[in-house]
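Okay, so here's the structure we're looking at.
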Amino acid sequence: MTDHWTARSEPLLDAEERVSGRKLYVDDLRLPDTLVARFLRSPNAHARIVSIDVSRALATPGVKSVITGLDAPRRYGVLPVGHDETALAVDKVRYAGQEVACVAAETEEIAEDALRKIVIQYELLTAHLSAHSAMAATHHLVHDDKPGNIEKEYHHSFGDSVRGLAEADVVVADTFYHPRVSQAATEPHGTLARFDGADHWTIWTSTQTPRHVQRGVALALDVPAESIRVIPCAVGGGFGGKSETFPQDVSAALLSRITGAPVRIRLSREEVFTLHRGRPENYVRMRLGLRRDGKVTAVECEVIQDGGAFCGYGVATILYSGALLGAIYDIDNIRYDGYRVLTNKPACGPMRGHGTIATRHAFEALLDQAAVALDLDPLDVRRANLLKPNSRTVNDLRVTSYGYPECLERVAEASSWKARRGRMPRGRGLGMAGSHYVSGAANSIVRGSSPHSTVVIEIDPSGRVTLLTGAAEIGQGSDTVLALVAARRLGLEASAIRVISGDTALTPPDLGSYSSRVTFMTGNAALEAATRLAARLKQAAGKRLGLPPDALVLAGGAVRSAPGGPMLLAFQDAVRMAAGGEGQLIEKGSYLPPGEAQGGRFPGSGVGPGVAYSYSAQVVEVQVNEETGEVRVERVWAAHDCGKALNPQAVMGQVEGSVWMGLGQALSEELHYSPQGLLLNGGLLEYRIPGAVESPPVEVFIVESHDPEGPFGAKEAGEGSVAAVIPALTNAIHDAIGVWITELPITPERVLAAIQRQGHGSGAKPALPRPRRRENASARP
Amino acid sequence: MQKEALRLRVNGSLREALVPHHRSLLDFLRDDLELTGTKRGCDDGSCGACTVLLDGCSRLSCITLAHGVPGRSVTTIEGAGQPGRLSDLQLAFISEGGLQCGFCTPGMVLAAGALLQRIPHPSEEQVREGLSNNSCRCTGYGRIVQAVRRAAGAPEETP
Amino acid sequence: MIGLPSFRLHRPTSIEEAVGLLAEHRDDAKLLAGGTDLLVNLRHGLATPSHIVSLAEVPGLDRIDCSPEHGLTIGALSTLESLATHPGVEESFPVVVRAARTISGPTLRAMGTVGGNLCLDTRCHWYNQSFFWRQACGFCLKKDGTACHVAPGSSLCWAAYSGDLAPAFLVLGAEIKLLSVRGERRVPLDRFFLDDGLRKFDMASDELLTQVCVSATRAHLRGVYSKLRIRGALDYPLAGVAAAARIAGGGTFHEAALALTAVGPRPFLVEGATEILEGLRANDEDAIERVAHLARRLSNPMNTTWAMQPAYRRLRVGLFARDALREMGERGP
């Protein structure tokens, strides 16, 4: 059987349902006699809870139950090292907006009314609202067991960066600041929970990671995970913001057990912003050494992340920031110091491009700064630092397929880079940058040797195929790509395959839809299951036809001797023969990352290794008004190495969306907090995601490097293109007007300030926080 | 709480319900009529997910009172085309890849339909301005704009 | 709050009935036109009326009459979209159409009304927040509290007027009609707006804005409206400058006027601009710079939004004013 993949764009399997409003999101579900619940939230960023009196709330007609922290005091968290959350605050509140109590009532109006009757006495504590102040704090720590409010710090040194910098012909250094940004998925989070009796729950929720929710709710309620059935509904966008257990999941489940009725919680848009789990503030100091020919000799990087009040995915975030300094360029010497800081703001999360955005901005900007210093073309500097396919980086990341060189060439050609960069009228500029991302993390959050993905495919006697997967379809097209993979193996159309995804009670284990793992990992599991089925079908057909199975192919809904050949046996006949007395054909496939992809053996080595990496190169064309400081992105060319485009239109859609989301962060998105820690812009009018008018055309080029381990050679497409667009834009601004923008978002005021700084010589950029080095904290591989 | 009988033509049929004065059109559609294709995204008119048509014009139902549009005819996505009888516009959204998560899509489709009523053959710029009350977090808008222009008969773009 | 607080909705079917209801309920009533401002504010608890008077069934308030001979009269319930797409108004009073087109997007413009845009509540990031949020920060002078967070100690509210139409009407010398059971009065628009985010308008709680009128003598002035915002649509202005002038045959400025919005609690005419420019050549860069400087000096944006600093907003007022005057001098309309 050939593994040749004929690319044909397939609309999402459920596109008709989505375009006609029939797709059911969690807030669309209706169960009889459902109660609704609302949260009481802390007005204080940091305070001890002295007392809570819910008696008047409980006495309100229509109120069925009121719960507080002590009703579910067990800690949970998505990482085993970060079990520091409770559904409702216990003892103290750690950020303004934190959930303190939850009221279940007949209507939201009654619940809201009851919330106002809850009396809480707080004793205010010092609120640490910035990384600067949090790291300097000695008392009123966010968590008592985290001195200096450091959640985690890592000090990695690979090769010898000191020697590398000494050998450099030019050393460039700069500081970078990225504020908090939010996923701002269009669908607000929500949960519907029903206690089914006998310690069983069903939870419908808006999640990318049904199994993480299952585990988290079970932990919080102190019940076995098997007690919890999580059914992810259609998800209206995730981008990393729906990959954890949330207070609404635990609270609705608990309230349902108490009241005996289904309980629904829907968050307002303000509450979605309060929940956050978006990107942390990033402070980056970076130093880069290059030889005269453009070869990088060393990079030293310090990252401080203000991750908010809880760990969440934070340890992974700070590790990604360092680890993915590798795996895009060939660098012998890397030093990384990463600090994840706790502050009294909402916890951050694994937003699209998890952990890589700020360091990639810094690195790609410094490459261009060095190119200017060395009088080299930035394209040539990147060409001088390429990796080789099938290599290992100095920080022990295994690179397999590597389409980055072709990505660079494609966008350079499309943008007429050589002819136009540096040659356009002042104010107009071109900038280039690259980025990459894991195509699935090689190490699971949950330690163990279980497969990361398992897929079951069933074929009933009539020939109907059902694919069961634990991965959640969140609009990224994962159901469709899995159907495509299985259909290709079974010689069917993707639309002939029914995909049941996410339901933890019906589907086999899968880690879920994050870290860009589904196409690669779940795709491989689907491929294995389908391959087993195909073998059984050909075996049975061969027996009937008196032909060796190897002489048969499954194609065009039939058994044939060759893909275009005449039908020898109808698909369903082959199914009936293969199933025999069982009546039904069932096979499973699974995926476990290979050991050699799982990285080195040093503290923190678990995060960063991917089973493969996607690559992106981008060129941005920009127009800058030097008088007003306004920046207009005219056009973006983006080339993305996805290994193999199983569904080209979906790949292009993911890349366009990634580039666009990166541009939003670059130009207009940021979260602002008041001096007492209240989010100033928790709404879509003031949190400015770009609209249709100012969004530029993005031209996408698919680069196919045919990954040796990906299903049909495929890798991820949904995250690797987020990071590059930011440095490509700042580099373009330099090409246009000669200034480096190192802080986001790129507001007109920042552009004018940069122009002014340049006019006055030296820099007066805002100071970055200084970590206190703890000598024995260093860990060397 | 002041409740009053509300009669409204929705997707061609006359619907009646006893509805409080302060109920939004969005809540009326979703909760009273269980027409959940109209989505709630922002609560303040800033995302467009709740867009419906009122006598053919787009309208943000989250900042419209159910009792505030007497005598008008409401069209929701349920009335705009369902599987098996999708509109050209919906088919173009599918074929051009103009949707991913689909949460903004019902509102986007209706707003685009209203736009094409006003301007049957819009330029790219007119489509972008015409959809500026509808936010999409997945696509970056390019394919949505393309879908609307294709539905309006514009030739396929060759990059 | 996701739902709306409860209230009693009145749906008068005549203008007399509407003003009667306002007279009856006064401060306990709010007028509902397009709802794009009011319904958001209701959810936030910024307005807490027991009575809402909907104008949806009041006939005759949505006419736009425009002619070079009789001038322009716009019923207060005319939608922003009907104004933005009105060919006659575009021809004769271009600055109005230009301003209308910058408001939000087409769906919101088809809901929002001219009267509602003129009477837009002033905005501030300490004010346009949920009840929870405002309670958490101790409320503010404008609503439920006593202290101004923008200008501590101030007895005036600095929330910024954020309508786009007002400056366009101001440069045309518009008047408005206010109706109540006590009768009708005409107020020059530049006296309607008060320099305090608390009181906002010279309008009693029983009055209804029914009409905006522009004299025929102001027809065919050239006009420009420029708006500072972060996105290409949707956003309220962070600063806005409207300009109008007649450019005589010899290329000289006549009846030139500038007005500013979103840089203080009220929109206002740039006093002295008309006098400086009258009769000067439209390419008199020195005069243009003087007026731009004046506009910049008179603007007084405060930290009512985290989105942009006052200094930058003032800078842009000056640049907008300069560019508007240049544009009017160079070409029509």
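If you're wondering where the values come from, they're calculated on a predicted model, not measured in any experiment. Order of the sequence lines fixes the chain letters, A, B, ..., with proteins taken first and strands second; residue numbering starts at 1 for each chain.
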Check: Could C/Lys200 and C/Tyr161 be counted as a cation-pi pair, given that NZ or CZ must be under 6.0 Å from the ring centre and within 45° of the axis?
Finding: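 No, C/Lys200 does not sit over the ring of C/Tyr161.
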Check: Short question: side chain of C/Gln129, backbone of C/His125 - any donor-acceptor pair under 3.5 Å?
Finding: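 Indeed, once roles are kept as given, a pair shorter than 3.5 Å links the two residues.
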Given heavy-atom pairs under 4.5 angstrom as the criterion, report whether the side chain, backbone, both or neither of [X] touches chain A.
X: C/Arg134; result: neither
X: C/Gln309; result: both
X: C/Arg316; result: side chain

Margin query: I'd like to verify something: which residue of C/Asp235, C/Leu228, C/Leu234 has the highest number of heavy-atom pairs under 4.5 Å with chain A?
Written below: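 If we count pairs closer than 4.5 Å to chain A, C/Asp235 comes out on top.
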Considering only heavy atoms, which portion of [X] lies under 4.5 Å from any heavy atom of chain C: side chain, backbone, both, or neither?
X: A/Pro745; value: neither
X: A/Tyr687; value: backbone
X: A/Ser42; value: backbone
X: A/Arg269; value: neither

Note to self: For A/His189 together with A/Phe246, are the ring centres under 6.0 Å from each other?
What the structure shows: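 When the ring centroids of A/Phe246 and A/His189 are compared, they turn out to be within the sub-6.0 Å range.
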Which one of [options] has the most heavy-atom pairs closer than 4.5 Å to chain C?
options: A/Asn44, A/Leu678, A/Leu115, A/Asn681; result: A/Leu678
options: A/Glu271, A/Glu670, A/Glu686, A/Glu627; result: A/Glu627
options: A/Leu40, A/Ile689, A/Thr274, A/Leu752; result: A/Ile689
options: A/Leu679, A/Thr747, A/Leu267; result: A/Leu679

Next item on the list: Taking only Lys NZ, Arg NE, NH1 and NH2, and the carboxylate oxygens of Asp or Glu, determine whether C/Lys142 and C/Asp121 approach each other closer than 4.0 Å.
Entry: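 Yes, this pair counts.
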Next item on the list: Starting at CZ of C/Phe132, measure out to CZ of A/Phe39 and round the result to the nearest 0.5 Å.
Entry: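 C/Phe132 atom CZ to A/Phe39 atom CZ measures 12.5 Å (nearest 0.5 Å).
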Notebook entry, point to check: From C/Ile103 CD1 over to C/Glu81 CD, what is the distance, rounded to the nearest 0.5 angstrom?
Noted result: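 One gets 10.0 Å once the value is rounded to the nearest 0.5 Å.
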Notebook entry, point to check: How about C/Lys227 and C/Asp164: do any of their side-chain heavy atoms sit closer than 4.5 Å?
Noted result: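 Counting from C-beta outward, C/Lys227 and C/Asp164 do come under 4.5 Å.
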Margin query: Among C/Trp133, C/Tyr127, C/Phe131, exactly one meets ring-ring contact (aromatic ring centres under 6.0 Å, His included) together with C/Phe139. Which residue is that?
Written below: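 Testing each of C/Trp133, C/Tyr127, C/Phe131 against C/Phe139, the sole residue satisfying ring-ring contact (aromatic ring centres under 6.0 Å, His included) is C/Phe131.
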